[in-house]
> 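Have a look at this one.
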Amino acid sequence: MGAPHTSTAVERAPLAGLPDLLTWFAAELAPAGASRVAPATADDVVITPGGQSALSSIFRALASPGDAIVMESPTYWGAMAAARQAGLRVVPIARGAGAPSAADLDDALGASGARLFYAQPHFANPTGALWSSVERAAILAVVRARGVYLIEDDWAHDFGIDADVVPLAADDANGHVVYVRSLTKSVSPAIRVGAVVARGPALARIQADRTVDDLYVSGILQAAAVDVLSDPGWRSHLTRLRGSLRSRRDELARQVRGQLGADALELVPRGGLNLWLRLADGVDMPGLARRSRAEGVLFSPGDDWFPAEPTGSFLRLNYSRARPEIFEEAVATIARLLP
């Protein structure tokens, strides 16, 4: 790390974040020519200590205890936890291989009075679902007509395999989309740095919450993130990562369909880090998880990912960390333990 970054790192960081990092997040959101909407600027960005902290701030800043928030079902358990910690009432709407129905969203917003809709349009955790361009337009039309905020969690921005991510926030001209992105998974677990991009009153309220909650994010972590992102090797790293994730995803999907049946895996996601499996109804998922863990195979039971009652027996497998050579044995263990 050079002398200028060293000096910046040990000084008190600006409340919003280091200027170079703010500029990078803004430029990443709307590359030149990607949208007719005026692109985000550094002034629209607030740096946070990771994506989870960003969600907590957004929920506190844009809603009050007792308010409703609409969420896709299933969805990220950490978002549900953050919403409930903020005192919000979670209203689930079903999603499948793509987005929830725009009509269902409109009904849920109208019936609940919710002003927030939390969503993962790209490679959703846990399902891997991806919104189509038609679905994006329909959802944004409902959000604009209702005058609500769409909280866009772009957690898998760097994990596209067969599809690239184009954030909805890049096409938002009126401040209805509040965008969240984290570097923790793609850069390093030690670099807990994320960002919120918002406009107008929403941005001001989120900035106020961040100031009260953390005051500012460590300048050392921010400077480290800038060093990584500005290195010429960053883009090469992402290219290698895409190839690695593709081979891992395909091998795990092959093992699942070969040993558990084609019906167990309805969707091979076009990006992300997970496969979402459906088993026969009535499987004791917590019990299966305990037995599997005892034999060295870890997975996430599907019950944890539903805001309401699960709609079946599901589990999430992550293909990003374990060696692909063990996928066959791992899936065989799960198959053997099934009733």
Side-chain angles (χ1 to χ4, degrees), residues 27-35 51 72 74-76 95-100 119-140 152-171 177 179-187 229 233-278 299-300 302 305 314-328 330-331:
E28 282 280 298
L29 178 61
S35 173
E72 300 165 299
T75 193
Y76 171 49
R95 71 175 300 167
Q120 302 172 83
H122 300 94
F123 323 129
N125 187 5
T127 65
L130 174 67
W131 293 8
S132 70
S133 58
V134 172
E135 290 170 332
R136 289 162 59 101
I139 292 290
L140 283 174
E152 180 181 9
D153 187 349
D154 196 12
W155 76 277
H157 187 95
D158 295 321
F159 305 132
I161 298 175
D162 303 318
D164 294 320
V165 171
V166 180
L168 276 70
D171 294 319
V177 179
Y179 177 82
V180 180
R181 181 176 173 188
S182 173
L183 300 176
T184 303
K185 288 183 174 64
S186 54
V187 174
L229 299 171
W234 171 246
R235 292 297 171 188
S236 299
H237 162 70
L238 293 181
T239 299
R240 291 192 300 271
L241 179 63
R242 172 174 286 203
S244 175
L245 290 176
R246 177 180 289 109
S247 62
R248 288 166 171 269
R249 176 203 62 186
D250 292 350
E251 173 60 15
L252 186 56
R254 186 175 73 86
Q255 294 298 335
V256 166
R257 286 178 164 168
Q259 300 192 57
L260 298 177
D263 291 343
L265 182 61
E266 298 178 357
L267 171 70
V268 176
R270 302 180 68 192
L273 305 176
N274 310 297
L275 297 185
W276 183 242
L277 279 57
R278 180 163 192 165
F299 65 80
S300 176
W305 303 86
F314 295 90
L315 64 87
R316 192 200 73 168
L317 296 178
N318 183 288
Y319 52 77
S320 68
R321 299 181 65 182
R323 292 178 291 107
E325 294 80 13
I326 72 169
F327 288 171
E328 180 177 5
V331 176

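Please read these numbers as outputs of a predicted model, since none were measured by experiment.
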> Is the shortest side-chain heavy-atom distance between Arg95 and Thr75 below 4.5 Å?
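SC-SC contact between Arg95 and Thr75 ruled out.
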> How many angstroms lie between CG in Leu277 and CZ in Arg257, if you round to the nearest 0.5 Å?
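Reported value, rounded in 0.5 Å steps: 9.5 Å.
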> State, with a plain yes or no, whether a side-chain heavy atom of Leu273 is found less than 4.5 Å away from one of Arg321.
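Not in contact.
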> Show the nearest heavy-atom pair for residues Ala129 and Gly96, with the distance to one decimal.
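Residues Ala129 and Gly96, closest heavy atoms: CB-O, 3.4 Å.
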> Do Tyr179 and Leu168 make a side-chain contact, defined as non-hydrogen atoms from C-beta onward lying under 4.5 Å apart?
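Heavy-atom side-chain distance check fails, nothing below 4.5 Å.
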> Please tell me if the side chains of Leu229 and Leu183 come closer than 4.5 Å, counting only heavy atoms from C-beta onward.
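Yes, at least one pair of side-chain atoms sits under 4.5 Å.
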> Which atoms form the tightest heavy-atom contact between His237 and Ser186, and what is the distance?
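Shortest heavy-atom contact: NE2-O, 3.4 Å.
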> Closest heavy-atom contact between Asp153 and Pro121?
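Looking at all heavy atoms of both residues, the closest pair is O-CD, 4.4 Å.
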> Angle class for the Phe314/Trp276 ring planes (parallel below 30°, perpendicular above 60°, tilted otherwise)?
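Plane angle under 30°, so parallel.
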> Rounded at 0.5 Å granularity, tell me how far CG in Asp158 sits from CH2 in Trp234.
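Here the rounded value is 5.0 Å.
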> Test your reading of the model: is there a side-chain donor-acceptor pair from Arg242 to the backbone of Gly160, 3.5 Å cut-off?
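Such a contact is found between Arg242 side chain and Gly160 backbone.
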> Any chance you could measure Ile139, atom CD1, to Glu72, atom CD, to the nearest 0.5 Å?
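If we round to the nearest 0.5 Å, Ile139:CD1 and Glu72:CD are 8.0 Å apart.
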> How far does CH2 of Trp305 sit from CG of Asn274, to the nearest 0.5 angstrom?
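Between Trp305 CH2 and Asn274 CG, I get 6.5 Å after rounding to 0.5 Å.
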> Does any non-hydrogen side-chain atom of Val177 lie less than 4.5 Å from one of Leu140?
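Heavy-atom side-chain distance check passes, below 4.5 Å.
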> Return yes if some donor-acceptor pair links the side-chain N/O of Arg249 with the main-chain N/O of Pro269 below 3.5 Å, else return no.
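Looks like yes, one N/O pair under 3.5 Å.
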> Looking at CZ of Phe327 and CD of Glu251, how far apart are the two atoms once the value is rounded to the nearest 0.5 Å?
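The CZ atom of Phe327 sits 7.5 Å away from the CD atom of Glu251.
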> One pair to check against side-chain contact (heavy atoms from CB on, under 4.5 Å): Leu238 and Arg235. What are the steps and the verdict?
CA-CA 5 Å; Leu238 293 181; Arg235 292 297 171 188; 3.6 Å; yes
> To the nearest 0.5 Å, what is the distance between CG on Leu241 and CZ on Arg248?
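Going from CG on Leu241 over to CZ on Arg248, the span is 9.5 Å.
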> If you draw a 6.0 Å radius around CG in Asp263, do more than 12 non-hydrogen atoms from other residues or ligands fall strictly inside?
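No, CG of Asp263 has 12 or fewer neighbouring heavy atoms, counting only those of other groups under 6.0 Å.
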> Restricting to non-hydrogen atoms, name the atom on Gly271 and the atom on Tyr319 that form the minimum distance, rounded to 0.1 Å.
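Shortest heavy-atom contact: O-OH, 3.8 Å.
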> Heavy-atom distance under 4.5 Å between the side chains of Asp250 and Arg254, does that happen here?
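They are not in contact (no side-chain heavy atoms under 4.5 Å apart), so the answer is no.
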> Has Gln120 got a side-chain atom pairing as donor or acceptor with Trp155's backbone, closer than 3.5 angstrom?
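Pair absent, no side-chain N/O of Gln120 close to backbone of Trp155.
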> Walk me through whether Ile161 and Arg270 qualify under side-chain contact (heavy atoms from CB on, under 4.5 Å).
CA-CA 6 Å; Ile161 298 175; Arg270 302 180 68 192; 5.9 Å; no
> Does the side chain of Val165 come within less than 4.5 Å of Phe123's, by heavy atoms?
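The answer is yes; the side chains approach within 4.5 Å.
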> Side-chain contact test, heavy atoms from C-beta onward, threshold under 4.5 Å: evaluate it for His157 versus Pro167 and give yes or no.
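With C-beta onward as the side chain, the pair touches.
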> Any donor and acceptor pair, going by atom type alone, linking the side chain of Gln259 with main-chain N or O of Glu328 inside 3.5 Å?
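Side chain of Gln259 to backbone of Glu328, a donor-acceptor pair under 3.5 Å: yes, one is there.
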> Looking at Ala99, is its backbone amide N or carbonyl O close enough to the side chain of Glu135 to form a donor-acceptor pair, meaning the two atoms are under 3.5 Å apart?
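Here the side-chain-to-backbone pair exists.
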